[in-house]
Amino acid sequence: MLGRPALGYQNYAEVIEENIFYIDKTDFIREWCEYGDKVTLITRPRRFGKTLNMSTVECFFSNKYAGRGDLFEGKAIWSDEKYRQLQGTFPVIFMSFASVKTGNIAGIKTALKQIISDVYSKHRDIMLSDVKALRRRLMSRSYSVS
């Protein structure tokens with residue numbers, strides 16, 4: 001089933017759970033991992049799906065979505081076992097600037113400060129945790145995708 005058409009969705013999990021029409025772009029995750037670039041700049045015109053793509057990446061990697069392989073069943077990324085093993089295994093901090101819609105610098109600064117404050121509050125547990133222990137745990141895992 002193709003799903004019902006809809007506009008304005010920016011959350012991948014919501015798109016899948018609500019059966020919204022979705023063109024599978026999950027192979028982007030594999031390509032991104034295999035290119036191994038230090039920096040990735042994603043530029044597209046407005047309303048081209050940048051936030052939805054980044055939400056897809058968040059849902060795939062974030063440990064908040066551990067055990068949620070159902071979100072990716074039947075998608076390109078799910079056809080490869082090594083990527084199925086990576087799903088839901090990393091702490092991910094996701095920030096979207098899609099809501100910053102002001103034309104002046106003061107408004108942009110205010111909006112960015114609010115976004116950063118919200119993300120800090122949401123991930124406060126990471127800031128309060130034993131960062132060295134978290135780093136050791138992450139570094140001890142083997143995440144090779146090649």
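Hydrogens, waters and symmetry mates play no part in the numbers below; they use all other heavy atoms, side chains included. When a residue number appears, it is its place in the shown sequence, counting from 1.
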In terms of hydrophobic clustering (I, L, V, M, F, W, Y; side-chain heavy atoms under 4.5 Å; direct or indirect links), are Phe90 and Met54 co-clustered?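 Result: yes, single cluster for both.
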Are Leu52 and Phe97 in one and the same hydrophobic cluster, where Ile, Leu, Val, Met, Phe, Trp and Tyr link if side-chain heavy atoms are under 4.5 Å apart?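 Different hydrophobic clusters.
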Does a side-chain heavy-atom distance below 4.5 Å link [X] with [Y]?
| X | Y | result |
| --- | --- | --- |
| Phe61 | Pro91 | no |
| Lys25 | Thr56 | no |
| Val100 | Ile115 | yes |
| Met95 | Asp118 | no |
| Phe28 | Val57 | yes |
| Ile93 | Val119 | yes |

Heavy atoms of other groups near Phe48 CZ, more than 12 under 6.0 Å: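 Not more than 12 within 6.0 Å, no.
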For Lys109, does the NZ atom sit with more than 12 other heavy atoms under 6.0 Å from it, leaving out its own atoms? no
Mind checking the [atom1]-[atom2] spacing from [X] to [Y]? Nearest 0.5 Å is all I need.
| X | Y | atom1 | atom2 | result |
| --- | --- | --- | --- | --- |
| Asn63 | Gln87 | CG | CD | 10.0 Å |
| Lys64 | Cys59 | NZ | SG | 7.5 Å |
| Gln10 | Ser96 | CD | OG | 5.5 Å |
| Asn19 | Arg4 | CG | CZ | 8.0 Å |

Kindly give the heavy-atom pair with the smallest separation between [X] and [Y], and that separation in Å.
| X | Y | answer |
| --- | --- | --- |
| Gly107 | Thr102 | C-CG2, 3.3 Å |
| Gly74 | Asp24 | O-OD2, 4.5 Å |
| Thr26 | Ile77 | OG1-N, 3.2 Å |

Polar side chain donor-acceptor pair, Glu58 to Tyr65, under 3.5 angstrom: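 No - no donor-acceptor pair under 3.5 Å links their side chains.
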Side-chain donor-acceptor pair under 3.5 Å between Trp32 and Thr40, yes or no?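 The criterion, which ignores hydrogens and geometry beyond distance, is satisfied for Thr40 and Trp32.
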Treating [X] as the side-chain partner and [Y] as the backbone partner, does any N or O pair qualify as donor plus acceptor under 3.5 Å?
| X | Y | answer |
| --- | --- | --- |
| Arg84 | Trp78 | yes |
| Ser79 | Ala76 | yes |
| Asn11 | Glu14 | yes |
| Ser121 | Ser117 | yes |

Working for ring-ring contact (aromatic ring centres under 6.0 Å, His included), residues Tyr22 and Tyr12: CA-CA 9 Å; Tyr22 173 76; Tyr12 177 79; 5.4 Å; yes
side-chain contact (heavy atoms from CB on, under 4.5 Å) evaluation trace for Phe60 with Leu86: CA-CA 8 Å; Phe60 187 78; Leu86 289 176; 4.2 Å; yes
Would you check, one step at a time, whether the test side-chain contact (heavy atoms from CB on, under 4.5 Å) holds for Lys113 with Ile116? CA-CA 5 Å; Lys113 286 178 185 177; Ile116 292 167; 5.9 Å; no
Could you tell me which residues satisfy salt bridge (Lys or Arg N to Asp or Glu O under 4.0 Å) with Asp70, sequence neighbours excluded, listed by chain and number?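 Only Arg68 meet the salt bridge (Lys or Arg N to Asp or Glu O under 4.0 Å) criterion with Asp70.
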